[in-house]
Amino acid sequence: MSALARLSLNQETTRNWPMPDLVAGCVAAGVRGVGLWRRQVGQYGLARTAKLLRDNGLRATSLCRGGFFTDPATWDSSLADNRRALDEAAELGADVLALVCGGIPDRDLDGARERVVEALAVLGPKAADRGVRLAVEPLHPMFCSDRAVVSTLAQAVDIAERFPAEQVGVLVDAYHVWWDPEVYRQIRRAGPRIAAFQVADWVTPLPAGALTGRGMLGAGCVELRRLREAVDAAGYDGPIEVEIFNEELWARPGAEVLAEVVARFAEHVG
């Protein structure tokens, strides 16, 4: 399968595109996969979303997000929410639940990381039962305090290797791992543990608010094709999601953004 045929549009790239328009736009553009977000799915309705995808021959390539395991004060509610997320992913036909593992609630970084492992031990059997893989996503270290105590692909693989491969894998997001001098070695090491691959670019200087500062493919400094070739060589042949958080993109018509995504994907990733 060609790289372009693997293109999946993550819903956040066109955040304000209503679900029916998103699906129709992908079908019209020949894009056969969408990465979904629980907030938008909940707004449209879980059963309605699942039917809409089936009726249009679209695949849900992932569901985002689960995680946020690290705060002892919300431990029980977090596990309950992640169980619901696994049920939602299964109903949507998504075989990957992306995990943003959570930040540091109490200055105990080691303890926060250990709670991630403890949560995966609880959720892993449920994931296997639902046919959904938990994908640990390392985020850039600047997000360690508030969003993800898993900052490198090596850390993510270390965690995933504690569990059966069909339960826990890793998500390689170019935006978050491109800077790491170990990233290519860790991609090789991850091998079949790679459950998902996402692409966006890193622009300099970052816009105010790094969370929404991702760049369009080819607009920054990330070697996107090299990363794609590395995950391919490691044995990953699944969807490639374009996930770009960017307020300027969100203000544009969804069809216009998708057309640019398709063109730039072919130029810089495929």
Side-chain angles (χ1 to χ4, degrees), residues 12 37-39 62-86 96-127 133-164 167-183 185-187 189-190 193-196 198 200 202-214 222 243-247:
E12 278 293 276
W37 278 68
R38 295 179 68 198
R39 180 183 65 255
S62 72
L63 181 64
C64 196
R65 64 184 186 261
F68 288 91
F69 305 123
T70 53
D71 189 345
T74 59
W75 173 257
D76 290 337
S77 61
S78 172
L79 290 180
D81 185 61
N82 277 272
R83 291 186 183 100
R84 288 191 296 272
L86 286 168
V96 172
L97 177 64
L99 301 180
V100 176
C101 290
I104 308 169
D106 52 13
R107 294 192 177 92
D108 181 8
L109 180 56
D110 291 340
R113 286 175 173 152
E114 190 56 35
R115 282 189 288 276
V116 173
V117 176
E118 292 169 1
L120 293 173
V122 173
L123 295 169
K126 165 88 171 180
R133 204 171 184 196
L134 299 163
V136 178
E137 180 178 8
L139 268 58
H140 190 283
M142 65 181 166
F143 297 113
C144 184
S145 67
D146 64 338
R147 303 187 73 78
V149 294
V150 181
S151 301
T152 67
L153 187 55
Q155 288 175 313
V157 176
D158 285 346
I159 291 171
E161 284 182 340
R162 299 195 191 193
F163 303 96
Q167 294 183 9
V168 182
V170 298
L171 191 161
V172 180
D173 186 329
Y175 180 78
H176 290 296
V177 302
W178 69 273
W179 58 274
D180 186 352
E182 285 287 300
V183 68
R185 188 171 77 84
Q186 294 302 325
I187 287 172
R189 177 187 166 212
R193 291 277 179 177
I194 300 174
Q198 295 178 335
W202 183 284
V203 296
T204 306
L206 284 176
L211 186 62
T212 58
R214 301 187 186 203
V222 181
E243 184 188 63
I244 306 172
F245 301 171
N246 186 294
E247 293 183 6

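- Applying the salt bridge (Lys or Arg N to Asp or Glu O under 4.0 Å) rule to Glu118 yields no partners; only residues at least two apart in sequence or on another chain are considered.
- Nearest approach of Val96 to Ala196, heavy atoms of both residues: CG1-CB, 4.3 Å.
- Distance CD/Glu12 to CH2/Trp37: 5.0 Å, rounded to 0.5 Å.
- Here the straight-line distance linking atom CD of Glu114 with atom CG of Asp108 works out to 10.5 Å at 0.5 Å rounding.
- Checked against Leu99 for a side chain to side chain contact (heavy atoms under 4.5 Å, CB included), the options Leu120, Val116, Leu171 give a single hit: Leu120.
- The two residues Arg193 and Glu161 make their nearest non-hydrogen contact at NH2-CA, 3.7 Å.
- Val170 and Ala135 make their closest contact through C-CB, 4.3 Å (heavy atoms, listed as atom of the first residue, atom of the second, distance).
- The minimum heavy-atom distance between Ala190 and Ile194, with the atom names listed, is CB-CG1, 3.8 Å.
- Here the closest non-hydrogen pair linking Gly213 and Val203 is O-CG2, 3.6 Å.
- Between Arg214 and His176, the side chains place a donor N or O and an acceptor N or O closer than 3.5 Å (distance only, hydrogens not considered).
- Contact detail for Asp173 and Gln198: the closest heavy-atom pair is OD2-OE1, 3.2 Å.
- Going from atom CG of Asp106 over to atom CG of Asp71 covers 7.5 Å, rounded to the nearest 0.5 Å.
- For the pair Pro105 and Arg115, the minimum side-chain heavy-atom distance is below 4.5 Å.
- Side-chain contact between Arg113 and Ser151: present, with at least one pair of heavy atoms (C-beta onward) separated by less than 4.5 Å.
- The pair Glu182-Arg189 does not meet the salt-bridge criterion, since no charged nitrogen lies less than 4.0 angstrom from a carboxylate oxygen.
- To the nearest 0.5 Å, atoms SG (Cys64) and CZ (Arg39) are separated by 9.5 Å.
- Using modelled atom types, no side-chain atom of Arg147 and backbone atom of Leu139 make a donor-acceptor pair closer than 3.5 Å.
- A salt bridge links Asp81 to Arg38: at least one charged side-chain nitrogen sits closer than 4.0 Å to a carboxylate oxygen.
- Here the CD1 atom belonging to Ile244 is positioned 13.0 Å from the OG1 atom belonging to Thr212, to the nearest 0.5 angstrom.
- Between the side chain of Ser145 and the main chain of Gly103, no donor-acceptor pair closer than 3.5 Å is present.
- Remark: of the listed residues Val150, Val149, Thr152, Val150 is the sole one forming a side chain to side chain contact (heavy atoms under 4.5 Å, CB included) with Pro138.
- Note: Glu247 CD to Leu211 CG = 9.5 Å, rounded to the nearest 0.5 Å.
- Here the side chains of Asn82 and Phe69 are in contact, with some heavy-atom distance below 4.5 Å.
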